[in-house]
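Structure first, commentary second.
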Amino acid sequence: MNRYNFKLVEKKWQQKWQNSNIFSSEIDRDREKFYCLEMFPYPSGRIHMGHVRNYTIGDVLSRYKSLVGFNVLHPMGWDAFGMPAENAARENNLDPKDWTNKNISTMKEQLKKLGLSIDWDREISTCSEEYYKHQQLFFLELYEKGLVYRKENYVNWDPVDQTVLANEQVIDGKGWRSGAIVERKKLNQWFLKISQFSEELLSDLDKLEAWPNKVKVMQKNWIGKSFGCEITFQTEGDLPVKEIKCFTTRPDTLFGFSFLAVSVDHEISKYFSENHEFQKFKKECSKTGTTEEAIAIGEKIGFKTNLMAINPLDHTQKVPVFFANFVLMDYGFGAVFGCPAHDQRDFDFAKKYKLDIKTVVKPLEENDEFQVRDEAYTGPGIVINSEFLNNLKVPEESILRSIDILEEKKIGKKKINFRLKDWGVSRQRYWGCPIPMAYDENGKVIPIPKMNLPVKLPENINLNTKGNPLDFIDDWKNIEINGKKYVRETDTLDTFVCSSWYYLRFCSPHDKDYGFKKKDIDYWMPVDQYIGGVEHAILHLLYSRFFMKALGYKNENFKFSEPFKGLFTQGMVCHETYKDENNNWLSPEDVEYDGSKFRKKGDLESKVKVGPSESMSKSKKNVIDPENIIKNYGADAVRLFILSDSPPEKDVQWSEQGMIASYKFLQKLWILHNKIKDKIFNSNDNEKENNNLEKFTNQIINKITNNLENFNYNVIIANIYEVYNFLNKEIESKISGKVLRENYLKILTLFSPAIPHYTSECFEDLGYINPISWPKANTDLLIEDEIDYVVQINGKKRAILKENRNIDEESLLLKLKSNKMTERYLKNRTIKKTIFVKNRLINILVNE
RNA sequence: GGGCGAGUGGCGGAAUUGGUAGACGCGUUGGUCUUAGGAACCAAUAGUGCAAGCUGUGAAGGUUCGAGUCCUUUCUCGCCUACCA
């Protein structure tokens, strides 16, 4: 017998799979389809462990579904536009296209070494003309439908990357990629009208039963629907301002009105452009606006104007109008009415500026003299001190009733407000999909005629420019359409646009006329299982959902509203972090453990500080390169390990020891395989039938099938170990070769989604080709003749008794009275009650 | 501040509808074989006790014949989010 040589075996099967094209998929109306999609990678250069985990999970699922009989679509592509390519190209004097394509081919080879069941014929790359030309067409279609518009807007400007960031790309006031502090800048930008679908995006979440609740909640919060009322306040003062509109969810507290606050960007701020004090205040606000500490401390500051706002319910009440730092321009109307007694922010503000705090809601248990003192009261209760609103129940009655009254008096309107903002898609970068628009000499927008698509990215250009390189390419920028001169739009699309429809492209990857074919998507869509990191819970997933709805808008031929039927978010791969004496990060490859402490490799005197396990990242150097690991241990061993240690939705700790254990396990499994093979071919078929083995096989079929269906992939690996432990013992007993063969083939099939190269080799070694169907448990064999009855006396386990499965309560009780384990608990005692759960347990309650 | 989730051996983690807590792996300990072993194999491994037993799923209560699982209160940790009116 040979050692199991994974190098030869894995290479052999990967080639066979490739040559026989067994993973390529075609429409087959006689079979139910299953579309399994993992989030496609950004071609950064090399795959990382996160990819290994993500794609292994998807591969196990795809292989399983295919064995169960589904027609599986399992494609892969590249999210290939984006800034890293441009940055790398600039630094190394390369073309972003070359850099990207080189990375793609490296990573493709790496992925192939994992033995993934991917239909590579459908490979797509978002930076190819073949892909983005369709995207440009979609953009024009959305433009025609009124879902694309251009407006001047304050944008988040990343001074390092010299580009605009979406709100979602600003984290703690810093650019998500560069980490630079984001500035505010006014620019003309292209927007997609995602807000038009706010309600639908929210309500359709309920349809997504196979999505993690966590993700749905995050999207719900992001969309941020709130129900309330817009109120128009009349103003008095020395400015030409007659009224200010506010949005509120608490119109019932209007009698507690004591100030009105507007954002520093509110339109009335234009009257303060010459006011130095105000400009100083505005600067102050922008400084503290977004930093974490500022929000944590939450200091409220304001700038008092000479304007007074009139309470629309009580014209005698006039309150000051402030600019305030806690009012956001891009929510509601950028103005709020302040009711200090029942809003903590307003309360803090009122305390600071010594404004009235008038209590208008009392908790149920308090009397009418109740006064808000140390903090705002925001709970339920009864309206007081509010004339005709008095005695209404807060919040059930009071809010609706007060809206009605405001509507009657024509001072307010019922309003639903969303937090979700339109999606700014303009990026001032070269390496992206060009926006197919142009401007005439007056700046008027004209879409590029569809027949002139694609708008190709120019090649071999100078990237060493400040801002967008495309701005400097005159012969690309200046065009003629129908004899008229135009200047192209030089912004490119946010790369999230590319990933918002790629799942459709996989259905018709080679179609030249359109992004997808109707007959293809009608068969394959929606994605049955989408798998990826939870970090895309909001951005990518929300944009993709929007894109489906936008394509279907005013289009009866497009019947889908949700792209991803099932979603699974896998956890991250973590590793301990190491630092040397000088607090420099060390790579795990440079660290060794001598049994008691960690040190630098080959340096006995050195000390290494071990830090907490954190998600693998280059900056902390705690990365393990998958390619090396695959080279050393083989793909199946890596797959086995990455699945084994934690539930796939949770973070997993990378462990070298665990990795080695998985590798050794396959070696042991191979030794066992050879024993089994020997027995299959050499033992007499007349040996007594082995009931144990058949029973076990049927049990394990059930277990593994259930665990696969429920994503308990870590438990599947435990099940595989269980099988090994069982067979390794059972093989020593006499077994009929026929029975052994039948059961072993089933077992190998159960293993095959997780360790496909190994099982393929085993099948071949026994003279079989790979299985084509998943085994079914024989339920008859799952019924045990003998049951381990748990015997409890007064609820305490006292014995386990092997008994016939059909034994009744009385016979069992009789046996227990004479059984030496249990008789002493029953002797001389009265049995008050017995609880008998058939085939499981008996609980006898006795007097002590 | 708000939302979501999780607390089980030395560690990662198992545990249909409430019904044998600790599957499986790592680590550790002892042994076998070895010149040696950081290899392989065998055995043990929740705590405590010589044992029968007792105690054990963050803590405290509750429901139940029976609770890791259900309910109430509470503590700790993680993740997300953030002045959203």
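Just so we're on the same page: letters track the sequence lines, and every chain starts at 1.
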Angle class for the A/Phe349/A/Tyr353 ring planes (parallel below 30°, perpendicular above 60°, tilted otherwise)?
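Rings of A/Phe349 and A/Tyr353: tilted, as their planes differ by 30° to 60°.
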Which atoms of nucleotides 38-48 of chain B (N or O only) lie under 3.5 Å from a protein N or O atom, and what are those distances?
unit_1, atom_1, unit_2, atom_2, d
B/rA40, OP1, A/Lys664, NZ, 3.4

Where the side chain of [X] is concerned, which of [options] is the nearest nucleotide?
X: A/Arg798; options: B/rC83, B/rG53, B/rU20; result: B/rG53
X: A/Asn325; options: B/rC83, B/rA23, B/rA82; result: B/rC83
X: A/Ile800; options: B/rC26, B/rU20, B/rU55; result: B/rU20
X: A/Lys833; options: B/rC84, B/rC83, B/rC65; result: B/rC65

Applying ring-ring contact (aromatic ring centres under 6.0 Å, His included), name anything that partners [X], two or more places apart in sequence or on another chain.
X: A/Phe568; answer: A/Phe711
X: A/Phe665; answer: A/Tyr721, A/Tyr724
X: A/Tyr758; answer: A/Tyr4

With sequence neighbours left out, write down each residue that passes side chain to side chain contact (heavy atoms under 4.5 Å, CB included) with A/Ala799, or none if nothing qualifies.
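Partners of A/Ala799 under the side chain to side chain contact (heavy atoms under 4.5 Å, CB included) test: A/Val791, A/Met821, A/Thr822.
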Suppose we screen for side chain to side chain contact (heavy atoms under 4.5 Å, CB included). Which residues come up paired with A/Asp265, at least two apart in sequence or across chains?
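In terms of side chain to side chain contact (heavy atoms under 4.5 Å, CB included), with neighbours along the sequence ignored, A/Asp265 is linked to A/Tyr154, A/Arg184, A/Ser263, A/Lys282, A/Met329.
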Chi-angle category of B/rG49 [syn within 90° of 0, anti beyond]:
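B/rG49: anti.
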In whole angstrom, give me the gap between the [atom1] atoms of [N] and [M].
N: B/rA52; M: B/rG7; atom1: C1'; value: 34 Å
N: B/rA36; M: B/rA15; atom1: C1'; value: 43 Å
N: B/rG2; M: B/rU69; atom1: C1'; value: 29 Å
N: B/rG56; M: B/rG9; atom1: C1'; value: 11 Å

Classify every nucleotide of nucleotides 2-19 of chain B by which part a protein heavy atom approaches to under 4.0 Å, writing B for the base, S for the sugar-phosphate alone and - for neither, in 5'-to-3' order.
-S--------SSS--B-B
Qualifying residues under salt bridge (Lys or Arg N to Asp or Glu O under 4.0 Å), relative to [X], sequence neighbours excluded:
X: A/Lys415; value: none
X: A/Asp346; value: none
X: A/Lys832; value: none
X: A/Glu649; value: none

Within the pair A/Tyr721 and B/rG25, is there a side-chain N or O less than 4.0 Å away from OP1 or OP2?
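It does not, given that no N or O in the side chain of A/Tyr721 lies less than 4.0 Å from OP1 or OP2 of B/rG25.
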Would you please indicate if the ring centroids of A/Phe247 and A/Phe333 are separated by under 6.0 Å?
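Between A/Phe333 and A/Phe247, which both carry aromatic rings, the centre distance is not below 6.0 Å.
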Nearest heavy atom decides the nucleotide; on that basis, is A/Gly658 or A/Phe337 closer to the 5' end of RNA chain B?
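First, find each residue's nearest nucleotide; the 5'-ward one identifies A/Gly658.
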Name all stems that contain residues of RNA chain B, defined as runs of 3 or more consecutive Watson-Crick or G-U wobble pairs, both distances under 3.5 Å.
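Result, WC/G-U stems under 3.5 Å: B:1-7 with B:75-81, B:10-12 with B:24-26, B:27-32 with B:40-45, B:46-48 with B:53-55, B:58-62 with B:70-74.
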